[in-house]
Peer 1: 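Have a look at the structure that comes next, please.
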There are 2 protein chains.
Amino acid sequence: MNQPEHLKNAGLKSTLPRLKVLSLFESGQARHMSAEEVYKLLLSTGDDVGLATVYRVLTQFEQAGLLVRHNFEGGKSVFELDQGTHHDHIVCLQCGHVEEFFDADIEARQENAAAERGFTIRDHSLSIYADCAKTDCPNKTRSENR
Amino acid sequence: MNQPEHLKNAGLKSTLPRLKVLSLFESGQARHMSAEEVYKLLLSTGDDVGLATVYRVLTQFEQAGLLVRHNFEGGKSVFELDQGTHHDHIVCLQCGHVEEFFDADIEARQENAAAERGFTIRDHSLSIYADCAKTDCPNKTRSENR
DNA sequence: TCGCAAATGAGAACGATTATCATTCGCACT
DNA sequence: AGTGCGAATGATAATCGTTCTCATTTGCGA
Ligand SMILES: [Mn+2]
Ligand SMILES: [Mn+2]
Ligand SMILES: [Zn+2]
Ligand SMILES: [Zn+2]
């Protein structure tokens, strides 16, 4: 299915800015992007889109179920294509590298913890902040590595 | 040990604003508070403290290990007294009620997920967002409870 | 009690995000 | 293909949480 159809299925009319943002995510350039990153990447390829529109489109895509929003440490929202299946994240504090993981037992135990206390889960977020193993990550070259 | 000593142990000189903020947390009025909440609660008892000072003191207490900071959904940081032991949170999306839980297996599996991928964990946060069971919670009275 | 570095508080500044509103665009209907 | 109109866009102002600035005040050791 092509992009204009994607948008129509989501109840959004197929406009140029929306197509550009969707293409960027589908290009696979980067899985997790903030509004600012989307904005700058589009600018850099000459696909100018207003920053306000980027914010609007990201929120619309989130509501339409095309994108998922994450609130990692750092105060800015990051988005990724909705893959249909839930997963959690490990974020490198040094270089921003993100890896995804899924643990069925963790998920089950969360359900359990909530149910035991009479809560009905709407959403949850598990983020691990760490130093990654990439050889080019700044955490490798710091004089003191504590 | 009294409050002035608490502060000295933490390497902070014992000033009026710091004592007021610490007292508020130790009063047990509320375990989890944002800067704005601390500020307003102090105002309401005549213990005026500048908002900038509240922010500064909260950050200092965090660095000193007296308080722990959490970034729940909603964009504002919330703080609580450091109890020495880690725990996670279930937050009611309707009334803000927070309950705490700890699951050793979840913790172990997080360690595992990170280690398998070569990450060294620095920090992590698990928050469950839900509807709570309190009878006075607004999620009970909504016409459609979906 | 003095002296002074450290702390405070009022308000400006900031970064991320949202609201406003005049202009432009997509699209259903000729 | 041409029109009309409501929806979408984009420049900019506004908002929100938080941090910074700097003149004034305070804690505390000598
Ligand atoms: Mn992801
Ligand atoms: Mn807690
Ligand atoms: Zn890294
Ligand atoms: Zn509730």
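Below, chains carry the letters A, B, ... as their sequence lines are ordered, and counting in each starts from 1. For clarity, every value in this text was computed on a predicted model and none was experimentally measured.
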Peer 1: D:dG27 phosphate, OP1 or OP2: any side-chain N/O from B:Lys13 under 4.0 angstrom?
Peer 2: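 The answer is no; no side-chain N or O of B:Lys13 sits under 4.0 Å from OP1 or OP2.
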Peer 1: For a quick test of reading the model: is some side-chain N or O of A:Thr53 closer than 4.0 Å to OP1 or OP2 of D:dA8?
Peer 2: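 For A:Thr53, the contact criterion (side-chain N or O under 4.0 Å from OP1 or OP2 of D:dA8) is not met.
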Peer 1: Judged by each residue's nearest nucleotide on DNA chain D, which is more toward the 5′ side, A:Gly50 or B:Ala52?
Peer 2: A:Gly50
Peer 1: B:His89 and B:Phe72: aromatic ring centres closer than 6.0 Å?
Peer 2: yes
Peer 1: What is the distance, to the nearest angstrom, from the OH atom on A:Tyr39 to the P atom on D:dT9?
Peer 2: 15 Å
Peer 1: Could you give the CD-to-P distance, from B:Gln60 to D:dG27, as a whole number of Å?
Peer 2: 15 Å
Peer 1: Does a nitrogen or oxygen in the side chain of A:Ser77 sit under 4.0 Å from OP1 or OP2 of C:dT17?
Peer 2: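 It does, given that an N or O in the side chain of A:Ser77 lies less than 4.0 Å from OP1 or OP2 of C:dT17.
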Peer 1: At under 4.0 Å, does any side-chain N or O of A:Tyr55 touch on OP1 or OP2 of C:dT17?
Peer 2: yes
Peer 1: Mind checking salt bridge (charged side-chain N to carboxylate O under 4.0 Å, His left out) for A:Glu99 and listing every partner two or more places apart, or none if nothing turns up?
Peer 2: none
Peer 1: Can you tell me how far P of C:dG26 sits from CG of A:Leu19, to the nearest Å?
Peer 2: 9 Å
Peer 1: To the nearest Å, give me how far apart NZ (B:Lys40) and P (D:dC16) are.
Peer 2: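 In whole Å, D:dC16 P lies 11 Å from B:Lys40 NZ.
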Peer 1: Phosphate oxygens OP1/OP2 of C:dA7: is one of them under 4.0 Å from a side-chain N or O of B:Arg56?
Peer 2: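 Answer is no, no contact under 4.0 Å.
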Peer 1: Using a distance-only test with no angle check, is there a side-chain donor-acceptor pair under 3.5 angstrom linking B:Asn71 and B:Ser77?
Peer 2: yes
Peer 1: Which listed nucleotide (C:dC27, C:dG9, D:dT18) is nearest to the side chain of A:Lys8?
Peer 2: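 Closest nucleotide among those given: C:dC27.
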Peer 1: Quickly work out the A:Glu73 CD to D:dT18 C1' distance and round it to whole Å.
Peer 2: 16 Å
Peer 1: Nearest-Å distance, CG (A:Asp48) to C1' (D:dG10)?
Peer 2: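 Between C1' of D:dG10 and CG of A:Asp48: 11 Å.
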Peer 1: Rounded to whole angstroms, how far apart are CE on B:Met33 and P on D:dT18?
Peer 2: 14 Å
Peer 1: Counting side-chain heavy atoms from CB outward, which of D:dG10, C:dT8, C:dT17 is closest to A:Val49?
Peer 2: D:dG10
Peer 1: Between C:dT8, C:dT17, D:dT9, which one does the side chain of A:Ala35 approach most closely?
Peer 2: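 For the A:Ala35 side chain, the nearest candidate turns out to be C:dT17.
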Peer 1: Check this for me, if you would: do A:Glu100 and A:Arg31 make a salt bridge, where the nitrogen-to-carboxylate-oxygen distance has to be below 4.0 angstrom?
Peer 2: yes
Peer 1: Evaluate the ring planes of B:His124 and B:His86, with Trp represented by its six-membered ring, and classify them as parallel (under 30°), tilted (30 to 60°) or perpendicular (over 60°).
Peer 2: tilted
Peer 1: Would you mind telling me which of C:dT8, C:dA10, C:dG26 lies closest to the side-chain atoms of A:Thr15?
Peer 2: C:dG26
Peer 1: Measure CG/B:Leu58 against P/C:dT8 and give the value in whole Å, please.
Peer 2: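 After rounding, the reported distance stands at 12 Å.
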